[in-house]
Amino acid sequence: MTPKDVREPAEEVSGTPDDLRAAGWKAMRAALPGVFPEGDVDLRDGRIGEELVDIGLTSVWGALWGREGLSPRDRSLVTLGLLIALRAETELRTHVRIALTNGLTRDEIAEVLYHAAGYAGFPAAVAARTAAREALGE
């Protein structure tokens with residue numbers, strides 16, 4: 001096992017909005033190093049749906065990625081499969097890069113694409129391959 005396969009014990013996230021937000025920032029910064037400045041950043045942009053990113057920060061990154069039980073690498077495997085099945089190519093592009101950060105190799109990402117073809121369908125796998133290639137600059 002490599003260090004990326006083992007999740008360090010984390011403090012329990014109490015579920016308060018502030019705790020979930022802090023846990024969300026911690027998980028998101030670990031997955032996307034160098035993308036967000038330190039501190040509590042205001043992600044709102046003044047346009048319609050501006051709170052969606054904040055909702056994702058607390059409910060997805062804080063409440064889910066901040067949980068113990070699966071390593072970040074395993075969460076990436078699950079997330080890639082789900083996004084392929086949902087044909088969510090925009091999110092998939094980001095999560096391909098996150099998967100690399102979390103220790104998956106390009107070959108393992110390709111295997112996720114192949115495996116998804118059998119369960120999510122060939123068109124979904126082809127769309128995912130296109131998104132993955134774009135994310136990887138290929």
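Bear in mind that the values here come from a model prediction, so they are computed numbers and not experimental data.
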Walk me through whether D45 and V53 qualify under side chain to side chain contact (heavy atoms under 4.5 Å, CB included). CA-CA 10 Å; D45 62 6; V53 177; over 6 Å; no
Starting from L136, can I reach L80 by hopping between I/L/V/M/F/W/Y residues whose side chains sit under 4.5 Å apart? yes
Between I84 and A120, what is the shortest heavy-atom contact and its length? CG2-CB, 4.4 Å
Single-linkage hydrophobic cluster, 4.5 Å side-chain cutoff, W61 and V41 together: yes
Does R129 use its side chain to pair, donor to acceptor, with the backbone of A124 at less than 3.5 Å? no
Identify the heavy atoms of A27 and G66 that sit nearest to each other, and give their distance. CB-N, 4.4 Å
Determine whether R21 and D40 make a side-chain contact, defined as any pair of heavy atoms from C-beta on separated by less than 4.5 Å. yes
So, E108 side chain and T105 main chain: donor-acceptor pair closer than 3.5 Å or not? yes
With the 4.5 Å side-chain cut-off for hydrophobic clustering, are V35 and M28 part of the same group? yes
Looking at E89 and R87, what are the two nearest heavy atoms and their distance? OE1-O, 2.7 Å
With side chains defined as the heavy atoms from C-beta onward, is the minimum distance between V96 and R93 less than 4.5 Å? no
About how many Å separate CG of L64 and CG of L20, when rounded to the nearest 0.5 Å? 9.5 Å
Let's go through S71 and D74 carefully: what are the C-alpha distance in whole Å and the side-chain angles of both, what is the deciding distance for side chain to side chain contact (heavy atoms under 4.5 Å, CB included) to 0.1 Å, and is it a yes or a no? CA-CA 5 Å; S71 68; D74 291 344; 3.3 Å; yes
Give, for atom NE2 of H115 and atom CG of L113, the distance between the pair rounded to the nearest 0.5 Å. 12.0 Å
Rounded distance [0.5 Å steps], NE2 in H95 versus OG1 in T101: 11.5 Å
Identify the residue among L104, L82, L70 that makes a side chain to side chain contact (heavy atoms under 4.5 Å, CB included) with L77. L104
Show, in sequence, the C-alpha distance, side-chain angles and deciding distance for L86 and L92, and conclude whether the side chain to side chain contact (heavy atoms under 4.5 Å, CB included) test is met. CA-CA 10 Å; L86 291 170; L92 183 64; over 6 Å; no
Could you tell me the separation between the CH2 atom of W65 and the CG atom of L57, rounded to the nearest 0.5 Å? 14.0 Å
Sub-4.5 Å side-chain heavy-atom contact between N102 and I98: yes
Distance from T58 atom OG1 to D19 atom CG, nearest 0.5 Å? 11.5 Å
Test item: R75 side-chain N/O and R67 main-chain N/O as donor-acceptor pair under 3.5 Å: yes
Going by the angle between their ring planes, with limits at 30° and 60°, are W25 and F36 parallel, tilted or perpendicular? perpendicular
Do other residues, nucleotides or ligands put more than 12 heavy atoms under 6.0 Å from the CD atom of E51? no
